[in-house]
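Please read the structure below before turning to the comments.
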Amino acid sequence: MSIVIETQELTKKFGAFTAVDHISFSVEKGEIFGFLGANGAGKTTAMRMLCGLSKPTSGKGFVAGYNIEKESEMVKKNIGYMSQKFSLYEDLKVWENIRLYAGIYGVDGKLIPRKTDETLSKIGLSGEKNSMVKELPLGWKQKLAFSVAILHEPRIVFLDEPTGGVDPITRRQFWEMIYEATERGITVFVTTHYMDEAEYCSRVSIMVDGRIDALDTPHNLRTQFSAQNMDEVFRRLARKAKRMDT
Amino acid sequence: MLKYLIEKEFKQMLRNPFIPRLILLFPLMVILVFPWAANQEITNINVDVVDNDHSAYSNRLTGKIAASKYFNLVAVSSANEEALGNIESETADVVFEIRPDFEKDLVGRGVSEVMISVNAVNIMKGNLGSNYMTAIIRDFADEIRNELQISTGTEWFRQAGNTALPVIQVIPQGKFNTFLDYKVFMIPALLVILLTLICGFLPALNIVNEKEIGTIEQINVTPVGKFSFILAKLIPYWAVGLVVFTVFISLAALIYGLIPQGNLFTLYFSASIYILVVSGLGLVISNHSSTLQQAMFVLFFFLIILIMISGLFTPIASMPQWAQNFSRCNPLRYFIEIMRMVYLKGSDIANLEAQLMTLSVFALILNGWAILSYRKSS
């Protein structure tokens, strides 16, 4: 197994506030890495640094073998990203969004129509090809955003709370899509607040106040904290947090 | 990659409920309203005449003033105080006072005096009012002088030993705008304002809007380069600018019969450069703003100053030196000069070399700045 994400003492400060406090971890190829933490624990900030959207204050990070600070454009070629906030173009049609991102990642223009149809039939949205994205329900939008994020077969995909506000059935389908992506060799880095989803991950890290307080497989974490489920593990760790829950 | 980004911008623009309408309605409104509203030709100046002489000459002079197209004779007052009261209540702009011995002095001594008092709250109106009034009086004086010369019986005329009075007549000729039509002067400059507003605001608001919605983040996490990103924002608005430009010059020709003296190529060539300048300014401001309000206010701030010192309303040559120096850094100034020169004088690219070079430098600096200041990460 090869390492696709590695951080060494990665830190981000906003003025006097340390959002991410010297975190070090590594993620192996093909893993589903669950990145857990209470609101304000620093998950999104850490993920944005790994995606090259935010520059670290100190420490190092490597994604797909590239330095996140110095080679952020190379990092961007090799990753997919789905942000907390839905960020496809609402005033473009479904197929137009797919075409735009396929074009941006350099998919051959002649292959785009076929790729569009394949992607849409896989997520069951073939009938919505010509719909305006703003007309879709949230769950469908999230599925679309995910398939756009992995359209160019990235080595790693970063998902920031992809299932927030989505119904249980769609969440289930979403996780099936995630598993399918890992079968194709895509490493998944995901944040979530649903502890049942944490159980689906290969390994889970739990962030408290900008630091990683626990990192292991869900099974080992349950044993370590002698807890029934991940929910209990999470609550034990998160209770220690001193930061305001915002 | 660029192709897909530009395609996306055009689709969004055409689907926007506002932009396609703006492209047609804004030029129409500007051309129908502004040339009339921004007209600085002053007519309808209200005059109050205080005639203390009640002679044939004073009546004639009053009649002459009343007949002028610039003046409305609103009152004939008997006392100066009464007339000044009219100025205070704003029923009169100018008080014209004729002294009691006006005719007697004029015939007897050959010299007489009148007094013009103007309300100078509106300096432009006051100034022009007294100028027009002076012109009428001078004209009247010439008439009288001629008449007296013909009758040659006047005392003072013989004393002076004159037989013929030398008179120099000034015949003004308005080159390039023969009838000194204010609209002909304003319309080419209004086109500059129109392009500045549309091509300065739209791309800036577009980028800040993407920042607010969050779609820009999805683009920032892709390998799209700064250069492609900025170019993809610039090109569609450049096309919009040229469409607006075409709409406006067609309307100017249709509505006012205003056809540029110079060729269309010169106009379009200059406009193509100018649009890049203002779009570049808009992009720079949007890169440094995080909300729509911020971008709007900063743009307003700059545009108001730039318009004020552009020579649109007031000639740059009559500004204080510091303002004149400042206006050298104002791209609007150069494009207004170009438009007026092409429209009125028929200048071609060779005549406009200095202005075009300056605009090109502005375009390079601003767009270079826009590319450098666009941050894909924070």
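Not measured: the values here are computed from a predicted model. These values consider heavy atoms only, across backbone and side chains, with no hydrogens, waters or symmetry-generated copies. Here is the naming used below: chain letters follow the sequence lines, and residue numbers restart at 1 for every chain.
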Kindly indicate, with the supporting measurements, whether the criterion side-chain contact (heavy atoms from CB on, under 4.5 Å) is fulfilled by I79(A) and V221(B). CA-CA 8 Å; I79(A) 61 165; V221(B) 82; 4.0 Å; yes
As a quick check of understanding, evaluate side-chain contact (heavy atoms from CB on, under 4.5 Å) for K376(B) and K76(A), giving each step before the final call. CA-CA 11 Å; K376(B) 285 187 77 182; K76(A) 285 170 186 176; 3.7 Å; yes
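In this structure, CD1 in I104(A) is found 10.5 Å from CG in L2(B), a value given to the nearest 0.5 Å. Atom-to-atom distance recorded for I213(B):CD1 and E90(A):CD is 7.5 Å, nearest 0.5 angstrom. Atom-to-atom distance recorded for S72(A):OG and N220(B):CG is 10.5 Å, nearest 0.5 angstrom.
Proximity to chain B is absent for every atom of F158(A), based on heavy atoms less than 4.5 angstrom apart. For I112(A), the part lying under 4.5 angstrom from a heavy atom of chain B is the side chain only. Residue K77(A) touches chain B through both its backbone and its side chain, counting heavy-atom pairs closer than 4.5 Å. For Y81(A), the parts lying near chain B are the backbone and the side chain together; criterion is any non-hydrogen pair under 4.5 Å. The part of M132(A) that comes within reach of chain B is its side chain, from C-beta onward, which places non-hydrogen atoms under 4.5 angstrom from that chain.
Few gaps surround OH on Y179(A); more than 12 heavy atoms of other groups in view lie less than 6.0 Å from it. By the neighbour-count criterion of 12 heavy atoms within 6.0 Å, atom CE of M357(B) is sparsely surrounded, having that number or fewer from other residues, nucleotides or ligands. Atom CE of M308(B) has 12 or fewer neighbouring heavy atoms from other residues, nucleotides or ligands inside a 6.0 Å radius. More than 12 heavy atoms of other shown residues, nucleotides or ligands fall within 6.0 angstrom of atom CZ in R184(A). Within 6.0 Å of OH on Y256(B) lie more than 12 heavy atoms contributed by other residues, nucleotides or ligands. Within 6.0 Å of CZ in F297(B) there are 12 or fewer heavy atoms belonging to other residues, nucleotides or ligands. More than 12 heavy atoms of other residues, nucleotides or ligands sit less than 6.0 Å from atom NZ of K115(A). Counting non-hydrogen atoms of other residues, nucleotides and ligands closer than 6.0 Å to CH2 of W140(A) gives a total of 12 or fewer.
Your options are R375(B), K3(B), R15(B), and the one with the most heavy-atom pairs under 4.5 Å with chain A is R15(B). In terms of heavy-atom pairs under 4.5 angstrom with chain A, the leader among N16(B), I216(B), I219(B) is I219(B).
The two residues K55(A) and S377(B) have their closest heavy-atom pair at NZ-OG, 3.3 Å. Minimum interatomic distance between Y4(B) and G109(A) (heavy atoms only, all atoms of both residues): OH-CA, 3.3 Å.
Checked for salt-bridge contact, K226(B) and E73(A) miss the test: no charged N lies under 4.0 Å from a carboxylate O. Residues R99(A) and E7(B) are paired through a salt bridge, judged by an N-O separation under 4.0 Å between the basic side chain and the carboxylate. The existence of a salt bridge linking E96(A) and K11(B) is confirmed by a sub-4.0 Å separation between a basic side-chain nitrogen and an acidic carboxylate oxygen.
Side chain to side chain, E210(B) and Y89(A) meet the donor-acceptor criterion of an N or O pair below 3.5 Å. Between the side chains of Y101(A) and Q218(B), no donor-acceptor pair is found at a separation under 3.5 Å.
Residues S87(A) and E217(B) are not in side-chain contact: their nearest non-hydrogen atoms beyond the backbone lie 4.5 Å or more apart.
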